[in-house]
Amino acid sequence: MVSSPSLDERAYVQGGETQTAVKILVVGHFAVGKTTFIGSISEISPLSTEETMTQAGEAIDDLKGVQGKTTTTVAMDFGRLTVSDRVVLYLFGTPGQQRFVQMWEDMARGALGALVLVDPERLADSFAVIDLIEQYGLDYAIAVNRFDGTSKRDERALREALDLLDDTPIVTCDARDERSSAEALITLVRYLMDRAR
């Protein structure tokens with residue numbers, strides 16, 4: 001189990017002011033929109049390790065439901081969002097394929113929580129991701145990424161399908177939209193603040 005850092009460990013000085021740096025993971029299964037999410041919200045040019053998918057990956061990466069996908073994250077995505085003069089979020093996006101799971105433990109170290117992106121048409125793909133986040137002892141919120149053409153899902157049905165605790169937040173978002181992505185992050189941060197009290 002990975003422990004979360006104390007507030008003192010997350011404090012640093014920039015420009016004479018003490019700021020709190022908060023590490024947040026953006027996780028989810030393959031092709032759920034993690035890179036897009038970080039790209040839409042980051043105030044800096046995000047670090048992205050997107051690479052072109054090759055024929056070698058065809059036998060490994062299941063493209064069912066995501067036809068037309070031509071790139072994939074091979075290491076991580078990174079972005080930053082200043083929430084206030086005192087709080088800065090550092091967003092680390094994990095690769096979604098099972099073969100990259102070994103990286104998650106290192107990325108989870110020091111994280112305060114996780115935003116789990118899910119595709120409402122591929123909920124079963126989220127089970128292993130949620131299991132990992134729970135294994136690392138991270139608090140999390142669910143962000144249901146609304147893809148074009150997907151119908152809205154009932155929150156109670158989503159909660160039951162994903163076997164979530166009653167207090168685990170669920171929010172719907174469009175990972176392409178800055179405002180929608182911000183609302184998802186705000187939901188997570190509020191939840192983390194409530195849990196810390």
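All values reported here derive from a predicted model rather than from experimental measurement. Values below: every heavy atom of this structure, side chains too, minus hydrogens, waters and symmetry copies.
Results of the side-chain contact (heavy atoms from CB on, under 4.5 Å) test with Leu112 over Thr20, Leu138, Leu192 single out Leu192 as the only residue that passes.
Within the 4.5 Å cutoff, no side-chain heavy atoms of Leu188 are placed close to those of Pro169. Contact of the Val26 side chain with the Leu117 side chain is registered, since non-hydrogen atoms from C-beta on lie closer than 4.5 Å. Side-chain contact between Phe92 and Ile38: absent, with no pair of heavy atoms (C-beta onward) separated by less than 4.5 Å.
Across all their heavy atoms, Leu185 and Ile24 have their closest contact at CD2-CG2, 4.4 Å. When all heavy atoms of Leu123 and Arg153 are compared, the pair lying nearest together is CD1-NH1, 4.1 Å. The heavy-atom pair separating His29 from Arg122 by the smallest distance is CE1-NH2, 3.2 Å. Summarising the geometry of Met107 relative to Lys23, their closest heavy-atom pair is O-NZ, 2.7 Å, with the distance given to 0.1 Å. Pairing each heavy atom of Leu25 with each of Ala111, the nearest pair is CG-CB, 4.0 Å. For the pair Ala184 and Ala143, the tightest heavy-atom approach, listed with the atom from each and the gap, is CB-CB, 4.2 Å.
One finds a salt bridge joining Arg195 and Asp167 here, because a Lys/Arg side-chain nitrogen approaches an Asp/Glu carboxylate oxygen to under 4.0 Å. Here Arg156 does not pair with Glu160 in a salt bridge; the nearest charged N to carboxylate O distance is not below 4.0 Å.
Applying the salt bridge (Lys or Arg N to Asp or Glu O under 4.0 Å) rule to Asp106 yields the partners Arg109; only residues at least two apart in sequence or on another chain are considered. Remark: Ser40 engages Ser181 in a side chain to side chain donor-acceptor pair (under 3.5 Å) (not counting sequence neighbours). Scanning for side chain to side chain donor-acceptor pair (under 3.5 Å) contacts around Thr168 gives an empty result, with sequence neighbours left out. Scanning for side-chain contact (heavy atoms from CB on, under 4.5 Å) contacts around Val83 gives Val87, Leu89, with sequence neighbours left out. Residues satisfying the side chain to side chain donor-acceptor pair (under 3.5 Å) test with Asp177, not counting sequence neighbours, are none.
Taken together through direct or relayed side-chain contacts under 4.5 Å among Ile, Leu, Val, Met, Phe, Trp and Tyr, Leu158 and Leu164 form part of one hydrophobic cluster. Using a 4.5 Å cut-off between side-chain heavy atoms of Ile, Leu, Val, Met, Phe, Trp and Tyr, with links allowed through other members, Tyr191 and Tyr140 fall into different hydrophobic clusters. With hydrophobic clusters built from ILVMFWY side chains whose heavy atoms lie under 4.5 angstrom apart, Leu165 does not share a cluster with Tyr136. Residues Val171 and Val144 do not share a hydrophobic cluster, defined by chaining ILVMFWY side chains whose heavy atoms lie under 4.5 Å apart. Clustering ILVMFWY residues whenever any of their side-chain heavy atoms sit less than 4.5 angstrom apart, transitively, puts Ile186 in a cluster other than the one holding Val27.
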Set out, in order, the CA-CA distance, both residues' side-chain angles and the distance that settles side chain to side chain contact (heavy atoms under 4.5 Å, CB included) for Asp163 and Phe127, then state yes or no. CA-CA 9 Å; Asp163 193 27; Phe127 299 161; over 6 Å; no

When you look at Arg80 and Val88, which way does the side chain to side chain contact (heavy atoms under 4.5 Å, CB included) test go after all the steps? CA-CA 7 Å; Arg80 184 185 75 203; Val88 179; 3.5 Å; yes

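For Asp174 (side chain) and Ser180 (main-chain N/O), no donor-acceptor pair under 3.5 Å exists by modelled atom type. Between the side chain of Ser84 and the backbone N or O of Arg86 there is at least one donor-acceptor pair closer than 3.5 Å. Judged purely by atom type and a 3.5 angstrom limit, Asn145 has no side-chain atom pairing as donor or acceptor with the backbone of Val118.
For residues 183-194, the pairs satisfying salt bridge (Lys or Arg N to Asp or Glu O under 4.0 Å) are Asp194-Arg197, with sequence neighbours left out.
With values rounded to the nearest 0.5 angstrom, Ile142 atom CD1 is found 6.5 Å from Ile170 atom CD1. A distance of 10.5 Å separates OG of Ser42 from OH of Tyr90, quoted to the nearest 0.5 Å. Between Lys34 atom NZ and Leu91 atom CG the span is 14.0 Å, to the nearest 0.5 Å.
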